[in-house]
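Comments concern the structure below.
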Number of protein chains: 4
Amino acid sequence: MARTTTKPKPTWRRRADARPDEILTAALDEFIAKGFDSARIEDIATNAGLSKGAVYLYFDSKEALLRALVEREIAPLVGRVTAAAEAEAQDPKAALTLFLGGVAALISNPRIFAVPRLVISIAARFPELRDHYRRAVAEPGRAAIERLIRRGIELGQFRQVDPVAATRAIIGPLLFEALWTHVLAGESALGDPAKFVRAQIDVLVNGIGASNDR
Amino acid sequence: MARTTTKPKPTWRRRADARPDEILTAALDEFIAKGFDSARIEDIATNAGLSKGAVYLYFDSKEALLRALVEREIAPLVGRVTAAAEAEAQDPKAALTLFLGGVAALISNPRIFAVPRLVISIAARFPELRDHYRRAVAEPGRAAIERLIRRGIELGQFRQVDPVAATRAIIGPLLFEALWTHVLAGESALGDPAKFVRAQIDVLVNGIGASNDR
Amino acid sequence: MARTTTKPKPTWRRRADARPDEILTAALDEFIAKGFDSARIEDIATNAGLSKGAVYLYFDSKEALLRALVEREIAPLVGRVTAAAEAEAQDPKAALTLFLGGVAALISNPRIFAVPRLVISIAARFPELRDHYRRAVAEPGRAAIERLIRRGIELGQFRQVDPVAATRAIIGPLLFEALWTHVLAGESALGDPAKFVRAQIDVLVNGIGASNDR
Amino acid sequence: MARTTTKPKPTWRRRADARPDEILTAALDEFIAKGFDSARIEDIATNAGLSKGAVYLYFDSKEALLRALVEREIAPLVGRVTAAAEAEAQDPKAALTLFLGGVAALISNPRIFAVPRLVISIAARFPELRDHYRRAVAEPGRAAIERLIRRGIELGQFRQVDPVAATRAIIGPLLFEALWTHVLAGESALGDPAKFVRAQIDVLVNGIGASNDR
DNA sequence: AATGAATGAGGCTTCATTCAT
DNA sequence: TATGAATGAAGCCTCATTCAT
């Protein structure tokens, strides 16, 4: 894909290699504003500064635009965030904080959460895209957290909890927050991400039960 | 669910009052199978046993069908589940178990989770419907849980946690499970709902931290 | 054209059953005027007195229109003409005259020859349609002539000629005339069909060789 | 066919003058494979070894390509074949055999018959091209045959037949054979051209009638 | 209460052609 | 001479919605 063939000359060439990204940016804008179905290729093209037909020089179809969006906008993030969490291998609790903070930051960005949101919207109609998203984004993310939990248990930082349930308890609240804010247009609690992370970590690590309940 | 089919009465009656429910059932089927946009009114009508035009005798538009679906299929559930949880007012922990179990049961039913899923899909395009869903379903549900948490704190069953974070910690995992299963077509962990609830409650109440971390 | 299926009531019903034929007529008009590719569904619809979309209530696609045209306009003619020729079973020479006259009459009608012409035009792109035409129209026609020749030989009316070559000698001139006139817009020799048939039969039956050549 | 590729000269030459022929060859290939409308200029260019835009350095439009094809591929053949027939001026019957054989050979070549076939396909849309073909190819060919017939009559080799009908009787079978084979994808009788010519000449010269019918 | 024929806006996609480099 | 990015007209087809019967 990386059309960085700008070996020849600086700006001489009709900056064709910048096009795909410009189009994707415009596509994301439209998808966010209108949803996948109501977004019009022509509007995307106009916002990207070209004509309808030009979009098809870079992407085969509307669906291909969405696929590319997943590929180039989200997939890289998975690696970045899980790598960060994994780096703190000897201190799972710290890694957890790192992870929650990282994802919270991403999720609070409407342009980023928009892609998962789109995937949810069209999952039924584009099973292939849905499966790709699950394999390339969701499953690796989930697995990274689960590993983190298991390591924490081994190291004695965490109790002998069910790793699957614990993983859900970590990711779920982030999902809830994102859907509440970006989908339902509800008031976000993410105004102060640091506070969000602290409060969620407290609940997560210490539980909500009164101490004598233990 | 509650199909008020007028079976009791003789067959000569036109069962006119059963029509709307039959149409909604058919609509939900189509929406589940194809998504809101790809579902065709004509198919819905056929599956409901009437003609395209007749649908418009009962519902003003495609959007109205979805609105009615929220209204008649989901909204009642909110009351039912929160009421159940509220009944156990003196034992918030038990209420929590009740709530999680109830919602887990609902959510494992694809026909029921389909509606929230649809709302997610079209939220951007139908802000009014989205707002209605938030006000009639999401917000009441969330508020009920938050109340439950606050009461638990007052009663000394729960720690002095952030009620908002705790609420997210309760609902989030359910959301995660539902999306994972019904949207991403991933493997569900809900095979045994009782086990799911137990594990999740354990994590939630006791936290994942090792006891000496407290 | 005149679908007289008006059994139910006079003009009461939105004459839906007359539609297909009206559309086909309009389609043929457009196809003749513009060719298959340049003909626009919308123009066909307008000429048939309905809207673009209505055409699709009766025909699945543009190709389907052409298919139906072959089916309803041409296929029946094959039977009619070959049957006429076959009726004169005891006098192959008379049958030949009958056949040539019948086909000459059909071919001189631009609306009728238009369909074979269309088939020629799109044969490469719609092999299925082409094959259907060959099997349903061309081959039966050719076979009928060949039978006629063989019978003539048996009856002693015709020489021991190659039936295949003779068949080509009968159909070829008709084809030539039709293409010349309707495709190349050349001057027709068909001004007087009777004369055309007489002259062609003379050449065909007696050959062009001087008698002493025999 | 006759690709005048400038192989002899060193490779450093741009062989600019060979380009048009290369393009036409590629164009014919595509036209044969896809038909005029479905053939894409870009594919033609690629097959000719240059870029889309370069085609327009040599030809003004897609239609011009077809025009040039008629001009350079077919028109010359007319002269060649009719000249051959004319050379045998003193023996019209021999000339006829020569002509039929020559045309049969040409026609059995799909790359050659493809052009008339294309003309048939687009005649309605490009009247100018159609007229040019008629004047430059069809009419001269037809006239040559008619002259041949008249001369044969004068020389006493042929009967006093209608020259127009006789001409149709000569060309028609060739047309039939070509259409049957190349357009309808039917089984060809041209496996053995010599036999084809012989049989057709027999029918043509001697007629199909039994001798006592004369 | 019901039908289903009809409408017509709307969108995706294709591709001949142009033109800056 | 040559490129290939870009244009934009054009057409097929879908489908929610209407309405005469």
Margin query: Is any side-chain heavy atom of A/L24 closer than 4.5 Å to one of A/R72?
Written below: yes
Next item on the list: Would you indicate what D/A39 reaches in the nucleic acid, counting non-hydrogen atoms under 4.0 angstrom: base, sugar-phosphate, or nothing?
Entry: sugar-phosphate
Item checked: A/K62 side chain vs A/A39 backbone, donor-acceptor pair below 3.5 Å -> yes
Next item on the list: For DNA chain E, produce a single dot-bracket line, 5' to 3'. Pairs: Watson-Crick or G-U wobble, both distances under 3.5 Å. Symbols: ( ) within strand, [ ] crossing, | other strand, . unpaired.
Entry: .||||||||||||||||||||
Note to self: Both C/S61 and B/F36 contact DNA chain F. Which one's nearest nucleotide lies toward the 5' end?
What the structure shows: C/S61
Next item on the list: Sort out for me which residue in B/I23, B/D29, B/L28 forms a side chain to side chain contact (heavy atoms under 4.5 Å, CB included) with B/T25.
Entry: B/D29
Notebook entry, point to check: Relative to the 5' end of DNA chain F, which residue comes earlier, C/S38 or D/A54, by the nucleotide with the nearest heavy atom?
Noted result: D/A54
Margin query: Let me confirm one number: the CD-CZ distance from B/E63 to B/F126, rounded to the nearest 0.5 Å.
Written below: 4.5 Å
Check: Between B/F36 and B/F31, how do the two ring planes meet: parallel, tilted or perpendicular, split at 30° and 60°?
Finding: tilted
Margin query: Could you check whether any side-chain heavy atom of A/I74 comes within less than 4.5 Å of a side-chain heavy atom of A/P116, counting everything from C-beta outward?
Written below: yes
Checklist line | Options F/dA2, F/dT17, F/dC13, nucleotide nearest the side-chain atoms of C/K62 | finding: F/dC13
Next item on the list: Give the rounded distance in Å between these two atoms: CG of A/D37 and P of E/dG10.
Entry: 16 Å
Checklist line | Integer-rounded Å distance: F/dC15 C1' and B/L65 CG | finding: 14 Å
Checklist line | Euclidean distance, atom CZ of residue D/R40 to atom P of E/dT13 [Å, nearest integer] | finding: 15 Å
Next item on the list: Using a strict cut-off of less than 4.0 Å between a Lys/Arg side-chain nitrogen and an Asp/Glu carboxylate oxygen, indicate whether A/E71 and A/R67 qualify as a salt bridge.
Entry: no
Item checked: Contact list for DNA chain F against residues 41-50 of chain B - heavy-atom distance below 4.0 Å -> B/I41
Notebook entry, point to check: Counting only heavy atoms not in A/D60, do more than 12 fall under 6.0 Å of its CG?
Noted result: no
Margin query: Closest approach to the side chain of D/S51, judged atom by atom: which nucleotide of E/dA16, F/dA2, F/dT18 is it?
Written below: F/dA2
Notebook entry, point to check: CG/C/L118 to OH/C/Y133 distance, rounded to the nearest 0.5 angstrom?
Noted result: 10.0 Å
Check: What integer distance in Å separates A/Y56:OH from F/dA5:P?
Finding: 18 Å
Margin query: Between C/D37 and C/R125, does any side-chain N to carboxylate O distance fall below 4.0 Å?
Written below: yes
Item checked: Interatomic distance, C/E63 CD vs F/dC13 C1' [rounded to whole Å] -> 15 Å
Item checked: Distance in angstrom units between A/D60 CG and E/dT14 P, rounded -> 8 Å
Check: Could you give the CD1-to-C1' distance, from D/I23 to F/dA2, as a whole number of Å?
Finding: 11 Å
Notebook entry, point to check: If you pin A/G53 and C/K52 to their nearest nucleotides in DNA chain E, which one's is more 5'?
Noted result: C/K52
Next item on the list: Take the protein atom CD of C/E30 and the nucleotide atom P of F/dC12, then report the distance between them rounded to whole Å.
Entry: 11 Å
Notebook entry, point to check: Out of F/dC12, F/dA6, F/dT18, which has the shortest distance to the side chain of A/Y58?
Noted result: F/dA6
